Amino acid sequence: MTEKELIESGNMKMDWARNHMPVLSIVRKKFEEEKPLKGMKVGMALHVEAKTAVLVETLAAGGAEVAITGCNPLSTQDDVSLALGTRKNISCFARYGVESQEYYEAIDRVLDIKPDITIDDGADLIFKLHKERTDLLPNILGGCEETTTGVHRLHAMEKEGALKMAVIAVNDAMTKYLFDNRYGTGQSAWDGINRTTNLLVAGKNVVVAGYGWCGRGVAMRASGLGANVIVTEVDPVRALEARMDGYRVMKMADAAKLGEIFVTTTGNRDILTAKNFKSMPDGAILANSGHFNVEIDMEALESLAKSVRTVRHNIKEYDLGDRRINVIAEGRLVNLAAGDGHPAEVMDMSFANQALCVRYIAENKLPNGVHKVPLELDTFVARMKLQSMGITIDELTPTQKCYMSGWECGT
Ligand SMILES: NC(=O)c1ccc[n+]([C@@H]2O[C@H](COP(=O)([O-])OP(=O)(O)OC[C@H]3O[C@@H](n4cnc5c(N)ncnc54)[C@H](O)[C@@H]3O)[C@@H](O)[C@H]2O)c1
Ligand SMILES: N[C@@H](CCSC[C@H]1O[C@@H](n2cnc3c(=O)[nH]cnc32)[C@H](O)[C@@H]1O)C(=O)O
């Protein structure tokens, strides 16, 4: 495709996404009228694709100058990246398939605009700010973090007294993790696996590692597709929940012998290791939908393999001699590196939270540390989403309010 055609394709993807993101549209309208981000610079490292582009546009509509790069070397969609770069007050430095050096250089280029506010997905900008670009920290009003692992890391920094800025844990908004992590990952991980493999899920043994919000979604949708689902966990309560939700629960060492498709969703490392690869059935398919590329021990797999070849677009087959193991998208997020990411209607809520939190940071002086998304913003997103879906709900009567909250109104 020529550059012009790529830009057209990126614009078309953005139009489609925008038309399916009603809550973000409401926020954008307000931003256009009130310009709450006038004079602000926002630096972002998120998956550069169409829904993210609609968030970027929204911030620019609020008066911000925005610079963005990717948060994963394989999730950038170059057509969207180019289309974004043509917009006023927006620079985009992301490119698909970048090597590590270019990935981190692009993060520096975002920081070169001297952002007032940052938005991260995995805390890359914040780590760089704290390790190498500390001179920029005094100007930063605050940042937003999109994902579970990023929030964990920020809590760890805060605990050690290392966090020198305010950050809002957008992931922890109810209108984020209950929908994005669960229904978003549940649908988009399978979209990525199915479109990449073109194989049947029904009747297969699917092993889901981790029964958190992502794992629940992935297991639920696997079950809906007719798979026999096996869950592995380290948390006894979550393991119990998985069992009572109807799945088999066992150690990975045992699950590895049975699984035909494996999906990791733990946010942890070394979930599938050399020991597991050696006991998997021939032809097993491995995908990660958790964090970065460390859940599947790719180094161990490479060193075990007698040969490696691409067997289909985005699938590498590792021949161990007595069995072949297939890995989708190099063990990186299968929904983004082998698909288009979460559905637009889900990212609508995640990114409405992001936009509202950026505004909140611009309008309130927050002390250093990890902050919750204010409940009124979270509830606003839920109400607007219901409204956009044409759903109305009941309201408590004064008598019911009294009954629920007092001790004198009831039996
Ligand atoms: N693919 C996506 O688009 C997407 C979307 C949202 C979140 N995420 C990422 O997915 C990961 C999970 O997010 P979440 O919100 O579900 O987190 P979560 O904390 O709710 O769930 C993670 C689960 O993994 C379990 N776990 C940890 N180590 C394990 C091990 N060794 N074996 C088995 N289970 C183990 C934990 O006990 C926990 O129940 C994070 O890295 C998050 O950033 C990805
Ligand atoms: N940057 C890390 C962190 C995990 S990304 C997980 C986050 O991606 C977000 N996400 C999922 N799908 C999309 C999408 O289509 N566009 C933008 N972000 C998405 C989602 O909100 C989730 O919290 C990595 O690439 O491995």
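Numbering starts at 1 and runs along the sequence shown. First listed ligand is number 1; within each ligand, the first listed atom is number 1. Being a predicted model, the structure only gives us computed values, none of them experimental.
Looking from atom 21 (O) of ligand 1 to the surrounding protein, the closest heavy atom is Gly212 CA, 3.1 Å. From the protein, the heavy atom lying nearest to atom 12 (C) of ligand 1 is Thr265 O, 3.4 Å. Nearest protein heavy-atom neighbour of atom 16 (O) of ligand 1: Cys214 N, 2.8 Å. The single protein non-hydrogen atom nearest to atom 4 (C) of ligand 1 is Thr185 OG1, 3.8 Å, given as residue, atom name and distance. Looking only at protein heavy atoms, the nearest one to atom 22 (C) of ligand 1 is Thr266 O, 3.6 Å. Nearest protein neighbour of atom 10 (O) of ligand 1, counting heavy atoms only, is Gly290 CA, 3.3 Å. Protein heavy atom nearest atom 28 (N) of ligand 1, with residue, atom name and distance: Asn268 ND2, 3.2 Å.
Residue Leu129 holds its CG atom at 11.0 Å from CG of Asp124, rounded to the nearest 0.5 Å. A distance of 10.0 Å separates CG of Asn353 from CE of Met174, quoted to the nearest 0.5 Å. The CE atom of Met21 sits 10.5 Å away from the CE atom of Met14 when rounded to the nearest 0.5 Å.
Those atoms of ligand 1 with a heavy atom of Ile271 less than 4.0 angstrom away are 30 (C), 31 (N). The atoms of ligand 1 that sit less than 4.0 Å from any heavy atom of Asp235 are 37 (O). Every atom of ligand 1 is numbered from 1 in the order shown, and the set under 4.0 Å from a heavy atom of Gly267 is 11 (C), 40 (C), 41 (O). Against a heavy-atom cut-off of under 4.0 Å, Trp213 is close to the following atoms of ligand 1: 16 (O), 20 (O). In summary, the atoms of ligand 1 found under 4.0 Å from a heavy atom of Thr147, numbered by their order in the structure, are 7 (C), 8 (N), 9 (C), 42 (C), 43 (O). For ligand 1 and Val234, the ligand atoms under 4.0 Å from any heavy atom of the residue are 26 (N), 27 (C), 28 (N), 29 (C), 30 (C), 31 (N), 32 (N), 33 (C), 34 (N), 35 (C), 37 (O).
For the pair Arg95 and Asp78, the salt-bridge criterion is not met [side-chain N within less than 4.0 Å of a carboxylate O]. The existence of a salt bridge linking Asp112 and Arg109 is excluded, since no basic side-chain nitrogen approaches an acidic carboxylate oxygen closer than 4.0 Å. Under 4.0 Å is where a charged nitrogen must lie from a carboxylate oxygen, and between Asp191 and Arg195 at least one such pair does. Salt bridge Asp282/Arg324: present, at least one basic N to carboxylate O contact under 4.0 Å. Classification of Lys51 and Glu49 as a salt-bridged pair holds, one side-chain N sitting under 4.0 Å from a carboxylate O.
Figure legend: Arg153 and Phe127 shown without cation-pi pairing, the cationic atom not lying both under 6.0 angstrom from the six-membered ring centre and within 45 degrees of its axis.
Checking only distances, Gly215 never comes within under 3.5 Å of ligand 1, N or O to N or O. Between Glu233 and ligand 1, a contact under 3.5 Å exists for at least one N or O pair. Polar contact check, Thr148 against ligand 1: a nitrogen or oxygen pair lies under 3.5 Å apart. An N or O contact shorter than 3.5 Å links Ser289 to ligand 1 by distance. Some N or O of Asn335 is nearer than 3.5 Å to an N or O of ligand 1, by distance alone.
Within 6.0 Å of CD on Glu65 lie more than 12 heavy atoms contributed by other residues, nucleotides or ligands. For CD of Glu376, the number of neighbouring non-hydrogen atoms (other residues, nucleotides, ligands) closer than 6.0 Å is greater than 12.
The salt bridge (charged side-chain N to carboxylate O under 4.0 Å, His left out) pairs that include a residue from residues 288-312 are Arg309-Glu317, where partners are two or more places apart or lie in different chains. Annotation: side chain to side chain donor-acceptor pair (under 3.5 Å) contacts involving residues 378-393, sequence neighbours excluded, comprise Thr175-Asp378, Asp348-Lys385.
Counting heavy atoms from C-beta on, the side chains of Lys204 and Asn228 never come closer than 4.5 Å.
Around atom 20 (O) of ligand 1, the closest heavy atom drawn from Arg238, Arg216, His291 belongs to Arg238.
Protein residues having a heavy atom under 4.0 Å from any atom of ligand 2 are His47, Glu49, Lys51, Thr52, Cys71, Asn72, Asp121, Glu146, Thr147, Lys176, Asp180, Gly290, His291, Phe292, Leu333, Leu336, Asp340, Gly341, His342, Met347, Phe351, listed by chain and number.
Ligand 1 lies nowhere less than 4.0 angstrom from a heavy atom belonging to Met252.
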Side chains of residues 364-375: which donor-acceptor pairs under 3.5 Å do they make with residues two or more places apart or in other chains?
unit_1, atom_1, unit_2, atom_2, d
Asn364, ND2, Tyr360, O, 2.9
His371, NE2, Pro367, O, 2.7

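Both the backbone and the side chain of Thr149 come within contact range of ligand 1, each with a heavy atom under 4.0 Å.
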Note to self: Please evaluate residues Met220 and Tyr247 with respect to the criterion side-chain contact (heavy atoms from CB on, under 4.5 Å), reporting the C-alpha separation (whole Å), side-chain torsions for both, the decisive distance (0.1 Å), and the verdict.
What the structure shows: CA-CA 10 Å; Met220 176 171 52; Tyr247 309 123; 4.2 Å; yes
